[in-house]
Protein chains: 2
Amino acid sequence: MNIGQAAKASGISEKMIRYYESIGLIGPVSRTEAGYRVFREKEVHALRFISRARDLGFSVEQMGNLLALWQDRHRASADVKAVAQAHIEELDGKIQKLQDMRRTLEHLVKHCRGDERPDCPILSDLAAESVAESHERDVETS
Amino acid sequence: MNIGQAAKASGISEKMIRYYESIGLIGPVSRTEAGYRVFREKEVHALRFISRARDLGFSVEQMGNLLALWQDRHRASADVKAVAQAHIEELDGKIQKLQDMRRTLEHLVKHCRGDERPDCPILSDLAAESVAESHERDVETS
DNA sequence: ATTTGACCTTACAACAATGGGAAGGTTTAT
DNA sequence: ATAAACCTTCCCATTGTTGTAAGGTCAAAT
């Protein structure tokens with residue numbers, strides 16, 4: 001199976017397959033005389049594994065861990081669970097941050113007339129002289 | 001005011017200030033004889049604007065639009081609102097995606113014993129021979 | 001047998017946004 | 001005069017992915 005076939009079979013682009021090989025996420029793929037990569041079921045299976053993990057937002061590093069665990073017949077499921085849980089917490093952090101932004105923005109948008117006049121609370125807020133927001137200017141010992 | 005002061009006053013790192021100048025997000029800053037950048041209130045004000053927009057997750061491109069509108073006395077607030085609303089939708093998309101991941105992962109984690117044994121539904125799911133599309137995973141059948 | 005087109009190879013650049021660091025010039029305070 | 005604290009530009013790395021260029025290979029049609 002050539003790389004094009006493997007890409008279609010796994011849902012990972014040729015580019016990314018080569019990349020994953022180059023960084024060692026998947027071991028070196030065997031080649032034909034001419035240098036073409038040859039994929040067998042084993043490799044394609046791993047690529048599909050990667051594809052699914054990627055869909056769940058795992059980083060390349062985390063995928064490396066998961067792949068290692070997958071291939072370790074003596075793994076403890078606790079180790080796998082730990083990776084997954086850490087990722088859930090990462091996701092929670094990101095979701096939280098995005099929702100905070102969303103809330104603030106939603107609030108501003110709700111108060112903007114959205115007509116031809118220039119007055120706009122969104123810009124006013126962005127341009128506001130810093131009041132008691134998260135940034136600090138003071139650095140001197142007072 | 002030198003760049004270090006401007007950085008402290010705006011909450012944007014020196015690095016990023018130079019970068020924002022280099023890509024034209026802020027106009028060229030005037031210089032001393034020796035080549036040091038000189039920031040006046042006007043520039044610092046713009047940097048603070050950028051800092052706030054960035055905290056709300058606006059991209060550099062969107063910030064460019066917002067800055068232009070901010071400086072356009074004849075803007076229509078509708079234009080500002082449109083930028084903000086587009087961004088809210090972007091945020092919604094990202095949140096949605098992350099929550100989908102989170103849900104799936106949470107489900108898998110819940111069904112993993114997390115003990116010494118190797119059996120793990122998380123790995124089983126990732127390794128599954130594709131049955132249906134990856135989105136059609138089993139959802140809370142209780 | 002040669003051409004064509006679809007495939008493969010590597011290598012390099014780019015994206016967004018940010019940080020790190022080197023090598024060197026300037027200002028300020030001692 | 002000298003050291004410390006600034007500033008400057010330039011290049012590199014990150015994460016994950018795509019694009020492109022220049023070239024080698026394979027299979028089918030001429």
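Convention: sequence-line order gives letters A, B, ...; per-chain numbering from 1.
Residues Tyr19(B) and Ile12(B) fail the side-chain proximity criterion, which asks for heavy atoms closer than 4.5 Å. Looking only at side-chain heavy atoms (C-beta outward), Arg75(B) and Leu123(A) come within less than 4.5 Å of each other.
More than 12 heavy atoms of other residues, nucleotides or ligands lie within 6.0 Å of CD in Gln71(A), so this atom counts as buried by the packing criterion. Surrounding CD of Glu61(A) are at most 12 heavy atoms belonging to other residues, nucleotides or ligands under 6.0 Å away. Around the CZ atom of Arg113(A), the shell of radius 6.0 Å holds no more than 12 heavy atoms that belong to other residues, nucleotides or ligands.
Under a 3.5 Å cut-off, the side chain of His87(A) and the backbone N or O of Leu56(A) do form a donor-acceptor pair.
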- Task: Encode nucleotides 4-15 of chain D as B, S and - characters from 5' to 3', where the letter depends on protein heavy atoms closer than 4.0 Å: B to the base, S only to sugar-phosphate, - to neither.
- Result: --BSBBB-----
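Side-chain polar atoms of Asp115(B) and Ser77(A) form a donor-acceptor pair below 3.5 angstrom.
When heavy atoms are screened at a 4.0 angstrom cut-off, Thr32(B) is found touching no nucleic acid atom at all.
The one candidate from Glu41(A), His45(A), Arg40(A) that meets the side-chain contact (heavy atoms from CB on, under 4.5 Å) condition with Glu43(A) is Arg40(A).
In summary, contact between chain A and DNA chain C, defined as any nucleotide atom under 4.0 Å from a heavy atom of the protein, begins and ends at dC7(C) to dA11(C) in the 5' to 3' direction.
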